[in-house]
Structure formats: structure tokens, C-alpha cells
Amino acid sequence: MSRGTLRRAVRLLDLDPRRFALALLLGTLALGCGVALAAVSAWLIARASQMPPVLQLSVATVAVRAFGIGRGVLRYLERLVSHDVALRGMTELRTTLYERLAVARPETLLRVRRGDLLARVGADVDTVGDVVVRGLLPAGVAAALGAGTVIAMCAFWPPAGLALGACLVLAGVVAPAIAARAARTTEQRALQSRSDMTATALGLLDDAGPLLVGGRADQELAALRESDRRLAAATDAGAGPAAVAAGLGQLAVGAAMLAALLTGVPAVGAGLLSPVELAVVVLTPLAAFEATSLLPAAAIQVQRSRAAAVRVLALLDAPTDPPATDGAAGRPPLVATDLACGWPGTQPVVTGLSLDLRPGRSVALVGPSGTGKTTTLLTLAGLLPRQAGTLTLDGHDVDHLDRHAVAAAVVVGTEDAHVFGTTVLENLRVGRGDLTSTEATDVLARVGLAEWLGGLPDGLDTVVGPDARTVSGGERRRLLVARALVSPAELLLVDEPAEHLDPERADALVTDLLDDPRGVVVVTHRLSPLAAADEVVLLGAGGVLARGSHSNLLATVPHYRDAWERERSTD
């Protein structure tokens, strides 16, 4: 793990130096009031035991009250300022991260589980920001307060001041170093375990039904328990060094007081130190170590934040789309030549695909499950990098076009696209922000959801549950198709629009999509409505098995005709 990683992440927080300095000053003054309160209280008690005139104690009495009140008020103000600095920094870093993800290459996000991505932009960013309040500020306050206290103690009795300085180094440098060394690997393991727990738990919550049906729920629960076990083991591994660090802090307090007594008592006997001053030099260290007591935890927080910074910066450093080429896509065609499609790091599942898609032309991709239909669709949309061949949009290589230029020309509707926990209308407006209520009603009717819309309590303003868990699978699928249809893009790529629908509605929807005046590619298992397609591409193991019109494939490809006849007999 690079030692410069955390520094770079902190720079990305874009902290306001004046606000940070103010927080540091307020924190130092707050704990300084605590030290002054201990010193003045010790003097007041010792001096009062000598029964002087009461007026000689009045200033100390007022000072005790002032320092007691000042400590609470200054601590409150320091919390306000320091948390404002940290929260502003987290907002800045999270905004930078969102902006970078918006232009990142699709494979960057496709390689990260949704729960892990949520952990990185959420908890990990918060952990990086926590280093301000729980790491940098405590260290700065401890350094300033420690130096001031040692100087003040040396003014009373130099041996006690020097002993206090040495003990502060033990508690504020040696103990945190021990804690940091143990936490360096422990926190990295713990952070990864937390991320795995988030990703697995989110998957269980979002996809409980499919996981149960597929028999994978027990496997995911076991993975969740294993992540929790690894987190507990990492936490236990760091407990021992943390206890040693805390013990060194307490040892340092005792050593400082003992040193003050051993050097101060003879000094009182020799007349070099008054009894009242002895009380001050013995009791003041109790408050001086309040700042250093936070430093072992601060050292652990630094390691925790460094591990989180690595994960955040991995997203920030991911490759982005190249700048837009002059003359970027206007009215496309999308042309693929000898295209090889597959997920990064794997063998291609489809090779040798050539396709010419332009407005007014429709293509259906069909074939058994697992033959690469969805992978091909994502590659045509520019969401997966091609493994071989060429892919151009309006004559420009897709890899040399800005993603926003590609998205303006090509819209893709996938099966696993997200449905947001908001109104029906706002979910459709993801496809086009200025969509009117009338247009939304029309497009829902087009995909066969008019009756469903009429039954909703608030119509278009009805809120659907997160990822449409409050609607059926067929309704969710058609809502996503409707969102793709409202897009102004001239090329429309849709994956399995007829899933979860009865044959009659499925065929009507696929036919309507294939008749759309835009350039259309539809991935489907349904063969009955494909007479509406200009071309049908039959995929098999390794590539294109056959292509042509629906009627031509029925006449020349026996297993295509057999599949069509089986479909008709079961409808």
C-alpha cells in the first residue's frame, strides 16, 4: 500500500486551510483549558489548605469557573468547525468520484459488484474523511498542547517538565506507532471484509427471491457469515497491540507523576520549590495526557483511512473514455465488422459478427441461452470493449468517441437495469428528462401497461419500491422497455423485452419494437414475431450459425424451424 495514497486522498478532500486551522486552534484551546483547570485547581486546593485570606483565592476561583466553562464551550465550537471541514471534504471527494465514474469506461463498473461500489462511494469516502476529525486534528492538538504544557511545567520545575516531555513522547509517539504497525494489515483486512459483507448483504436483500429459487441463498448466507468471521478475526488481531498502546499511555501518566514527586519532594526540602508548586507539577500531568490518549486510536484511523483511500483511488484512477472526436456521431449507422464479443479477461463467446444498423432497420438476435446474445448487445452499445474486429458509429471508431456522444446515439435496455424507488414518471424521465405526463402515458400504453397504470392509486405519481419490488416481473420489464423507448437516441438495443409475459403480449411487444422507425436490435427467445425483423441473426456456440429473414431461416435452417414449431405448439 503506497504511503502517498492517503496524502493524495486528503488533497482530494480539498480542505479549507483556514477552517482547519481554526478547528486546530479551538481544539488546542479546549484541551488547554483542561490542563489549566487541573493546574489552577491543584494550586487552589493546596493554597486553601494553608488558610490564607479568602481574597487571595478569589482570582483562582474565578479562573477555575472560567476554564471549566471555556473547556465545554470551546470543545463544542471545535466539534462544529472540525465536522464542517470533514463533511465538506467528503462532499468534495464524493462529487469528484461521481464525476469520474460518469466518464469511466464501462468495464470499470462492470468489474465491481454493486454492493462493493456502494461501499466505496459511501463508507470508504466517509472513512477517508474521518481522518480529519479522528486522525489529523487529534495529532495536531496533541503536538501543540504537549509542547505548551512541557514549557509551562519547565517554568515551575525543569526536571518535572523534562520528565513530562519524555513521557508524552512515550504516550504520543511510541504507543501510536505500535498501534499503527499492528493496524496496517489488520485494517486492510477488516475493510475488505466490511466491503464483502455490504456487497453480499445487498445482494441478499435485493435478490432474495431469485436466490431462493436458484438454490443459492444458503451459499450467499454462508459467504456473509464468512465475511463476518473474517471481520471479527481482523478486529481480534488488532486488539492486542491496541491494548499495549493503551497500557503504555497509562504507564506514561504514572511515570510522569512519579518523576514529579521524586524530583519535587527533595526540591521542596531544599527550598527550590514551594509545597503549592509541588501540587501543581504533580497533578497537572493528569490533564496533559488527555490529548495523547486519543493518539493510538488516531493512528489506527490513519491506517483505516489509508486502506479506504486505496479502494477509492482505484475508481478514480480507472481509465476514462478518450476525449470526443471532432465530428462525433450525428445520424449514425452502427457498423460492426468481424466483431468478437466477450467479457474482459475471458475468451470471446461470439466471433466474426458483422452488422450494419441504421435508422429504419431492425435486427433480431436469437439463440439458446449462454450463446452470448446479451454480451453481444453490450458490446454493440459500447458498454463492453470489443475483443477483435471493428465497431464504428457514424464512421468513427466507438473507442475514440466520448461515452456521452455514444449514449446520445445509442440507447440500450438491459434486463438488469435499475428501477429507482421513486414515481413511475420519474423512472421514465431517466430516459428523457423533459418527458411530459401525456407522453409517459402514451409510451406505457404502447408497451401494454395502460391497464396497470389505470390501477395505480396515484397514476404516474405512484412510487414504486426500490428496484420495482412492488411490481411483477413482467411489469418491471415493460417499464424498463418504456424508459428505453422515450430516449431520443436513433439506435435502440433491447435485451429480452418479452420476459415474464404471456405469448400474446410478448409477441405484440417484440413486433412493435421491430417496427420502430429507429435502428433496432432486439435480443429475444421468441421466434414467432420475427417476421417483422429485417434480419434475424442466429447465434450458437462460438459465433453466427445463420442469418437472414425469418422466412428464409425457417426454410433453410432445420433446428430454427424446429424451435419455432415447438414454440407454436406450447403457446
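Just so it is clear, the structure is predicted and the values come from calculations on it, not from any experiment.
- How far CE of M90 is from CG of L13: 8.0 Å, rounded to the nearest 0.5 Å.
- A donor-acceptor pair shorter than 3.5 Å cannot be found between the side chains of E99 and T96.
- Nearest heavy-atom pair, R478 versus L509, reported as atom, atom and distance to 0.1 Å: CG-CD2, 3.9 Å.
- For the atom pair OG1 of T524 and CG of L513, the computed distance is 9.5 Å after rounding to the nearest 0.5 Å.
- Pairing each heavy atom of L377 with each of V494, the nearest pair is CD2-C, 3.8 Å.
- Taking 4.5 Å as the limit, every side-chain heavy atom of T390 sits out of range of all side-chain heavy atoms of L339.
- Looking only at atom types and distance, the side chain of T374 has a donor-acceptor partner in the side chain of D495 under 3.5 Å away.
- Between V464 and T422 the shortest side-chain heavy-atom distance does not fall below 4.5 Å.
- Between M197 and L224, the shortest heavy-atom distance links the atoms O-CD1, 3.7 Å.
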| request: Start with the C-alpha gap between S549 and E535, add the side-chain angles, then the distance that decides, and say whether side chain to side chain donor-acceptor pair (under 3.5 Å) holds. | output: CA-CA 5 Å; S549 66; E535 184 177 29; over 6 Å; no
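- Side chains of E475 and S472: a donor on one and an acceptor on the other come within 3.5 Å.
- Here the options are L493, L393, D534, V520, the test is side-chain contact (heavy atoms from CB on, under 4.5 Å), and the partner is L357; only L493 passes.
- Residue D356 comes nearest to P333 through the heavy atom pair OD1-CB, 4.0 Å, listed as atom of the first residue, atom of the second, then distance.
- Taking all atoms of both residues into account, the shortest heavy-atom contact from Q303 to A180 is CG-O, 3.6 Å.
- Side-chain contact between L538 and H559: present, with at least one pair of heavy atoms (C-beta onward) separated by less than 4.5 Å.
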